[in-house]
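Working notes, structure below.
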Amino acid sequence: MTKKAIAIVVALVVLVAAGGFGVYYYFTNTPKNKYLLSEKKSYEDVSNYLSERYKDEMALSNKMPNESYKSSITLGAELPETLTSEFGIPTDLIKSSKIELSAAHDPKNSASQLAINPTIGDSKMDAFVWSADAKYQYLQGPILKNPIQFNNDQFIEGLEKLTGEKMSTEDGLTNDTLNLNSIMSTPISQDELNDLVNRYMKFTINQLNDDLFKKGSEEVDVFGKKQKLDTITLDMKNTDVKNLTIAVVEEASNDKDLQKLLKQSDATINVKKELETVLKSLKETKAADFPTIKSTIYVDGKTILKRDVVIGIDEEKLHIVADTKVDKEVQLKVVGTDKEQTGAFTIEGSSTGSKDFKDDYTIKLTEQDTPMFEIQLTNDEKVDGKKRTNAMAMNFTAPDEDPFKITYDQEMTTDVKNNSQDSKGTVAFDVQGENIKIFVDTKTKLKEPLKLDVPNAKNVNDMTEDEVIKLREEVTNVFASLFMGLGGL
């Protein structure tokens, strides 16, 4: 395993550990306990801020697990004639065309559906649809004269029969993992998921010895103000990091619930096999190839006001210093530098307001004190009952480059009582001095039953070889006709 790969695995483990500090409680006042309790409060402060600011959106999200739903996103565009004429496409054709991507899932009826619905020049074309019920997988589209279906327990066989090519199952592909109901379903409840996360957090913390933590005090600068604060430092050598990483990955490789969850994220992955491969590689890797981690938090009571983290690999070091304040508003300043401090990465800004919000953040990269690029992100957000409006902008600047600006204006309505959320948004930017707009509209509705009706579907698994050949010819001919039709627009 490369040092870069090791660093990625370690970073994931450290993130789990940091999250774990937010759920683990100790009653004594050792350095380790104060570190963990301070991280607990930090975790809760961020969670409370987001829960309060996005109250309705989070309430609707929390209702989604194991509920039936229908959602869609519709994309459209508006281009100036000076640009469309270069491609010989009428401006009105672009303006009157759109594409809708929709998804629906109903666990009670064992039904799921994914669809792409294109509209070209106000003419709605036949949708490309993949759907599934308790018995079959269905495919529909303009290249098929009739829908086709596959037995759920013979989906791979049917696809191989249709394409005439053998599918690789080395990456864990099975009829079940390719079943749309499996792909779109939630494998465990939200409560089970929370229990799983909390268990891993606590497990990770238990691997950290008390003697890795030290207390102290120091006068430091926090947002330009000198303060005398308590310090707690977690100092992990290469061996400590290796042992922690191996322990967490080994636990995961034997955890069926976690593997089930990860499998849901990507049905093509053989999670247990991948974890066992990573574990073997970690064990074979020398401790010297793992990074060292030294993390110091500066606290006022249990509130973390500053962090100082040094991650070292060989002779290279990444030094991150972060000033943070999260209560009813947010203030942030993060500076990352390399060992020689020849380059610096900075994120600085704030989120203010209690009903109407203003976000203003700047990201900078410098090299040898020379600016490489700067990104400024701003957002004016207003809340009026169920409606939230955002006026966002991203400004990109770099030496010897023209400034580039992207704006995003959105209006979102979230109705928790009626289980719905709708939004209309516009992305705008200039190309060659001309303004381009992309329209993004979304709709989500919970507790919407899905009952599939796919008449005249032909079962590929039951087809003879001659019938399959005929189907392939039909698809080829329809595709050619469709292509020629589009070309003549």
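By convention here, the first residue in the shown sequence is residue 1.
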Counterpart residues, side-chain contact (heavy atoms from CB on, under 4.5 Å), relative to L377 (two or more places apart):
I363, I375, M394
Is it true that a side-chain atom of N48 and a backbone atom of E44 form a donor plus acceptor pair closer than 3.5 Å?
yes
Taking atom types as modelled, find out whether K63 and N419 have a side-chain donor-acceptor pair closer than 3.5 angstrom.
yes
Y49 vs F357 aromatic rings, parallel, tilted or perpendicular, using cut-offs 30° and 60°?
perpendicular
Pair Q376, N395: side-chain N/O donor-acceptor within cut-off below 3.5 Å
no
Just do the side-chain contact (heavy atoms from CB on, under 4.5 Å) check on T119 and S123 with the steps written out, would you?
CA-CA 5 Å; T119 298; S123 297; 5.8 Å; no
With K386, which residues qualify under salt bridge (Lys or Arg N to Asp or Glu O under 4.0 Å), at least two apart?
D415
Would you check if the side chain of T174 reaches a backbone N or O of T177 as a donor-acceptor pair within less than 3.5 Å?
yes
Charged N-O contact under 4.0 Å between E276 and K280
no
Listed partners of E374 passing side-chain hydrogen bond (donor to acceptor under 3.5 Å, both in side chains), at least two apart:
none
Under the rule for side-chain contact (heavy atoms from CB on, under 4.5 Å), what residues qualify as partners of S47, not counting sequence neighbours?
S51
Pairs of donor and acceptor atoms involving the side chains of residues 144-154, under 3.5 Å and at least two apart or interchain, shall be tabulated with distances.
from : atom 1 : to   : atom 2 : distance (Å)
N151 : OD1    : N459 : ND2    : 2.9
N151 : ND2    : Q154 : OE1    : 2.6
N152 : OD1    : Q137 : NE2    : 2.9
N152 : ND2    : D133 : O      : 3.1
N152 : ND2    : A134 : O      : 3.1
N152 : ND2    : K135 : O      : 3.3

May I have all residue pairs that pass salt bridge (Lys or Arg N to Asp or Glu O under 4.0 Å) and include part of residues 419-434, sequence neighbours excluded?
K424-D441
Quick check against the 3.5 Å criterion: does K95 have a side-chain atom that pairs as donor or acceptor with the backbone of L79?
no
Other residues, nucleotides and ligands only: do more than 12 of their heavy atoms fall within 6.0 Å of CD on E86?
yes
Could you tell me which residues satisfy side-chain hydrogen bond (donor to acceptor under 3.5 Å, both in side chains) with Q140, sequence neighbours excluded, listed by chain and number?
none
Which atom of V334 lies closest to which atom of A322, heavy atoms considered
CG2-CB, 3.9 Å
Checking S61 side chain against E57 main chain: does a donor-acceptor pair fall under 3.5 Å?
no
A quick test of your reading: do over 12 heavy atoms of other residues, nucleotides or ligands sit less than 6.0 Å from CD of E367?
yes
side-chain hydrogen bond (donor to acceptor under 3.5 Å, both in side chains) partners of residues 355-365, not counting sequence neighbours, each pair once:
R53-D359, S351-D359, S351-Y361, K358-D380, D359-N379
Taking only residues at least two apart or on different chains, which pairs with a member in residues 448-465 satisfy salt bridge (Lys or Arg N to Asp or Glu O under 4.0 Å)?
none
Contacts of F439 that satisfy side-chain contact (heavy atoms from CB on, under 4.5 Å) - sequence neighbours left out
E78, T426, K437
Taking only residues two or more places apart in sequence or in another chain, which ones pass side-chain contact (heavy atoms from CB on, under 4.5 Å) with K470?
E474
Only counting residues at least two apart or in another chain, list the ones meeting side-chain hydrogen bond (donor to acceptor under 3.5 Å, both in side chains) with T84.
T91
Donor-acceptor pair, side chain of N418 and main chain of S420, under 3.5 angstrom:
no
Mark yes or no for whether N62, through its side chain, and M58, through its backbone, hold a donor-acceptor pair below 3.5 Å.
yes
Least distance between heavy atoms, P371 atom then P399 atom:
O-CG, 3.0 Å
Has the side chain of D384 got a donor or acceptor atom that lies under 3.5 Å from a matching backbone atom of K387?
no
For T464 and E467, indicate whether the former's side chain and the latter's backbone hold a donor-acceptor pair under 3.5 Å.
yes
Side-chain (Q259) to main-chain (A252) donor-acceptor, under 3.5 angstrom
yes
